[in-house]
Amino acid sequence: MHNKLLIALQSGVGAPDIADIEISKFGNFLKGSNIPLAELDDLIQPEKDKFIQSRFDIYSKNGHNYGIDFHVGATVMYYNKEIMDQAGVKIDDIKTWQDYAEAGKKVLAATGKPMTTVEVIDNWTFWPMIAQQGSDMFDQNGQVTLDNETNIKTLKFLHEMVHGSKIAVPAPGGNHHKEEYYGFMNKGGAASVLMPMWYMGRFLEYMPDLKGKIVIRPMPSWEPGGKRSAGMGGTGTVVTKQSKQLELARQFLGYAKLSKEGNIRVWKTMGFDPIRWDVWDAPEIKEKNKYTDYFGDGIFDILLEIKDEIQPVNISEKTPQAIDLIRKDVLFKPLKENSMTPEDALKKAADELRK
Amino acid sequence: MDRQVSAPADSKTVPTKPTRLRSFFHSQKMAPYFFVAPFVISFLLFMLYPIISAFYMSFQEILPGEETFVGLKNYQALNNEHFYAAVSNTVIYTIWTLIILIPVPLVLAVLIHSRFMLAPVLFRSALFLPALTSIVVGGAIFRLIFGEMDTAPMNTILIKLGFSPQQWAMEGGTAMFLMVALASWRWMGINLLYFLSGLQNIPKELYESAEIDGAGSLSKFFRITLPLLKPVTIYVLTISIYGGFTMFTESYVFWTNHSPGDIGLTLIGYLYQQSFENFNMGVGSAIGIVLLVTILVINIVQLKLFGQFRREE
């Protein structure tokens, strides 16, 4: 779908009025000086303070906004309470990643099960862990920071969990979206998993046996009082400049994705954490639905608790290339194959991106 | 015949023009051009024009509404490890498919064609069936069969036989095996059909007279079947080389184009990635041109070696 849209915009014919563009591909559409998407600044401006600001920044270039997201994608830790209880670990005592690693050793000793799984061919473990520390693959000016101190330290931490203390295993199938992983996790294969809020839907759909056993908590922080989440993933809805009803399309998009009603529907229908935080404590959000049946009440209490700690990411034109390198080399070689040190893997990819 | 009878009557009421038009369409000189026109037009429109356009684009940097000439920069950008990984994977894959997808279907075709074969129609259909399925669907099933857990079907069998389970899609060797296995399953039936149709064109009398001369099954195969199947074999070889070099789907279904350590990256995969995932259409075009030249050279050399350009034949 992204390819067709890209070609339609490049060739100048055949693009729809409104389209969804996934965050890792959004950079492609912001290349060059003739951006083929309509600016949405005037729609967003009036109510900007009601939204999680960083969700607009990721779809912006030179101060103009081109896309509106569905969700915050706040990254959280999903704990399997049953396994944690077996190991005698209190989930709420885990505050920092150090606590998490210690708890992992207890879990492994008591149950023989790994504390968690790590994505080795995808970015949803590593990226939130660096983003929560204010680091990223690129800085705000688009300069490559993939091999900075923080990132090396973080990848080393993951490496130690997988190959040192063995409290983590590479996700079966390589990431948290493979049949192998779903089956493994559904049978109580690991005690926790780090994923964004939008991953709730996957639990419902692919891991039905874990219903009532999963507890959602903020990410552990790197030091006491550190930030406990990062906004991950996303899909920006855009209006293309080819639209014959440009103004109408813009107004409709504004209503659908910026209004209170629209944001409440995003939660009710899709189970996403809406970008408009002033609906997070609305009575409609508190109603029971299939997500509260599975995870229990209080999902949004966690979100409100970490509202100001949800760290943004920086999107650059080179983000698609960076993500590709991370997916195939940077994580796979140190974490799965153990054929490269975390430092070398990050440096090599960063050098390639700098070219 | 009807036309000639009624022609004089027509010419009275409607003068020269239609007759000229009619004679144009009925002239023996024009007929061949008329019949090849659909091919020529579609070739010009959908093959030659894109090739020229890609050649042109391979020297440009392309952004919406901005096209700038960058000289050889796109070709220089190919000097990187991903491109070399793609070339090496593609070449190895092509060699494997040639090793498997030419001799095996040929032997199978001879077996199915032989009069001792039980239920030849059943086997022919069974072997052809995969060609009718979508390779994406087939690939999804392959991915599940060759899953990395001990409980995945193929690993279960390996464990039962006393081997250690494999992480099929995670290591270079097994990754190549997966792609070749999927391609073999998919294309076996098609090549089989080519060989079967070739076999049907070999006159029975040749075998009969060979039998009278006391030829055994093996010498009949090597002296009659194989030489007379040469044109079909060359055709299959040519399209297999092309098919091997342009392989994409067999890799895409396993890794959606992001294989760990590039173990499944192919030339077309790299082209796709550069053009559509990283939006470097210039580099993508350069890969396309390199691929075109490579396949062209290999196929010309191959056809030349088999004497396909000699007019005397």
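All of these numbers come straight from a predicted model, not from anything done at the bench. Numbered from 1 within each chain, the chains take letters A, B, ... in sequence-line order.
- With a 4.5 angstrom heavy-atom cutoff, A:Lys336 touches chain B only via side-chain atoms.
- Heavy-atom neighbours of B:Tyr75 OH from other residues, nucleotides or ligands within 6.0 Å: above the threshold of 12.
- For B:Thr256, the part sitting under 4.5 Å from any heavy atom of chain A is the side chain, from C-beta outward, and nothing else.
- Only the side chain of B:Gln273 has a heavy atom closer than 4.5 Å to any heavy atom of chain A.
- A salt bridge links A:Lys348 to B:Glu81: at least one charged side-chain nitrogen sits closer than 4.0 Å to a carboxylate oxygen.
- When heavy atoms are compared at a cutoff of 4.5 Å, A:Pro36 approaches chain B solely by way of its side chain, counted from C-beta outward.
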Legend entry - Chi angles and distances behind the side chain to side chain contact (heavy atoms under 4.5 Å, CB included) call for B:His82, A:Leu325: CA-CA 10 Å; B:His82 307 298; A:Leu325 285 175; 3.6 Å; yes
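- Heavy-atom contacts from other residues, nucleotides or ligands closer than 6.0 Å to CZ of B:Phe163 number 12 or fewer.
- The pair A:Glu179-B:Arg143 meets the salt-bridge criterion, with a side-chain N (NZ, NE, NH1 or NH2) lying under 4.0 Å from an Asp/Glu carboxylate O.
- Using a 4.5 Å cut-off between heavy atoms, B:Met281 touches chain A through its side chain atoms alone.
- When B:Glu148, B:Glu171, B:Glu61 are compared by the number of non-hydrogen pairs under 4.5 Å with chain A, B:Glu148 comes out ahead.
- Of the listed residues (A:Leu6, A:Asp329, A:Ile323, A:Thr319), the greatest number of heavy-atom pairs within a distance under 4.5 Å of chain B belongs to A:Leu6.
- In this structure, the side chain of A:Lys31 engages the main chain of B:Asn278 through a donor-acceptor pair within 3.5 Å.
- Put simply, the side chain of B:Phe279 does not reach to within 4.5 Å of the side chain of A:Glu317, judged on heavy atoms.
- When heavy atoms are compared at a cutoff of 4.5 Å, B:Gln167 approaches chain A solely by way of its side chain, counted from C-beta outward.
- Side chain of A:Glu180 to backbone of B:Met149: no donor-acceptor contact under 3.5 angstrom is found.
- Only the backbone of B:Glu277 comes within less than 4.5 Å of a heavy atom in chain A; its side chain stays farther off.
- Shortest non-hydrogen contact noted between B:Phe276 and A:Asn28 is O-ND2, 3.8 Å.
- Using a 4.5 Å cut-off between heavy atoms, A:Lys318 does not touch chain B at all.
- The residue among A:Ser11, A:Ser24, A:Gly12, A:Ser33 with the most heavy atom pairs within less than 4.5 Å of chain B is A:Ser33.
- For the residue pair A:Ile121 and B:Pro260, the shortest heavy atom distance occurs at CG2-CB, 3.9 Å.
- Note that NZ of A:Lys328 and CG of B:Asp262 are 4.0 Å apart. Values are rounded to the nearest 0.5 Å.
- With a 4.5 Å cut-off on non-hydrogen atoms, B:Ile263 does not touch chain A at all.
- Counting heavy atoms from C-beta on, the side chains of B:Met170 and A:Phe332 come closer than 4.5 Å.
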